[in-house]
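What you are looking at is a predicted structure, and each value in this text was computed from that prediction instead of being measured. These numbers come from the heavy atoms of this one structure, side chains and all, not from hydrogens, waters or symmetry mates.
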Amino acid sequence: MAGVLVLNATFEPLAVVPTRRAICLILAEKVEMLEHSGRLVRSERLSVDEPSVVRLSRYVHVPYPTHRSPNRRGVLARDAHQCQYCGGLAETIDHVVPRSRGGGHTWDNVVAACRRCNGGKRDRLVGETTMRLARPPGPPPPSTWIEVAAGSVPHTWTPYLTADRRSA
């Protein structure tokens, strides 16, 4: 179970909460259910559809941090676990400009890479090899952190996360 995606009143993804917390918010009329999983949650006197996506009734201003440091899970989620050199399954992160040559550990310098490509590139620049990047690296869209928090993204969440990705 991946939890329940909570959207702001403007359909902006905010967080992932446990199913029990989402049901409490529905019963308190603080959120409305947009999608459900098709399963029922039963109590002695009540039967409720298990929510999958809920939206807050009132807008909540969330001051996002301006900078998040890159980490392995975030880079792999941003690049969809796809090696940016060969298109295979990525297991590691690679610094485009190696740290030994002054490259920083920043979002615009790290990409997802498979072990073979990462080991083949070693501490060389991309221009010194025959490898080419599939796309230039950059900061991830805000919805990437929802994917990292949930672990996996149910198909009912996709429309609410992809709209955010297009605008980022």
Side-chain angles (χ1 to χ4, degrees), residues 1-94 105-108 110-115 118 134-168:
M1 180 181 306
V4 178
L5 176 65
V6 179
L7 304 174
N8 207 343
T10 57
F11 291 92
E12 174 187 10
L14 288 179
V16 177
V17 298
T19 303
R20 183 178 175 156
R21 174 69 179 144
I23 290 173
C24 289
L25 291 171
I26 290 170
L27 294 176
E29 298 180 355
K30 293 186 176 184
V31 297
E32 65 173 317
M33 185 181 338
L34 299 178
E35 303 280 344
H36 60 85
S37 66
R39 294 185 293 250
L40 289 175
V41 177
R42 300 173 197 262
S43 69
E44 181 182 344
R45 297 187 181 125
L46 185 65
S47 180
V48 179
D49 287 325
E50 182 184 49
S52 179
V53 180
V54 296
R55 185 178 76 125
L56 294 175
S57 303
R58 301 178 69 182
Y59 176 77
V60 175
H61 175 70
V62 180
Y64 287 104
T66 57
H67 175 72
R68 291 185 187 206
S69 298
N71 59 36
R72 184 175 180 272
R73 290 179 65 189
V75 172
L76 292 175
R78 178 196 67 188
D79 294 341
H81 294 267
Q82 189 173 30
C83 177
Q84 295 302 297
Y85 297 112
C86 72
L89 179 66
E91 304 151 327
T92 63
I93 62 171
D94 179 57
H105 190 66
T106 58
W107 284 107
D108 56 354
V110 292
V111 294
C114 65
R115 290 184 191 277
N118 198 355
R135 63 174 182 242
S143 65
T144 300
W145 301 111
I146 298 292
E147 296 173 27
V148 169
S152 64
V153 176
H155 70 280
T156 54
W157 295 12
T158 306
Y160 303 101
L161 298 177
T162 55
D164 182 44
R165 281 180 173 252
R166 279 187 231 126
S167 65

Nearest atoms (heavy-atom pairs only) where V16 meets G3: CG1-CA, 4.1 Å
Closest approach of W157 to S52 (non-hydrogen atoms, all atoms of both residues): NE1-O, 3.0 Å
With a 4.5 Å limit on heavy-atom distance, are the side chains of [X] and [Y] in contact?
X: H105; Y: I93; answer: yes
X: P51; Y: T19; answer: yes
X: R55; Y: Y160; answer: no
X: V111; Y: R78; answer: yes
X: V54; Y: L25; answer: no
X: L89; Y: H81; answer: yes
X: V4; Y: E50; answer: no

side-chain contact (heavy atoms from CB on, under 4.5 Å) partner of H36, chosen from V48, D49, V41: D49
Donor-acceptor side-chain pairing of D108 and T106 below 3.5 angstrom: yes
For the side chain of [X] and the backbone of [Y], is there at least one donor-acceptor N/O pair under 3.5 Å apart?
X: Q84; Y: Q82; result: yes
X: R72; Y: E91; result: yes
X: T92; Y: A113; result: yes

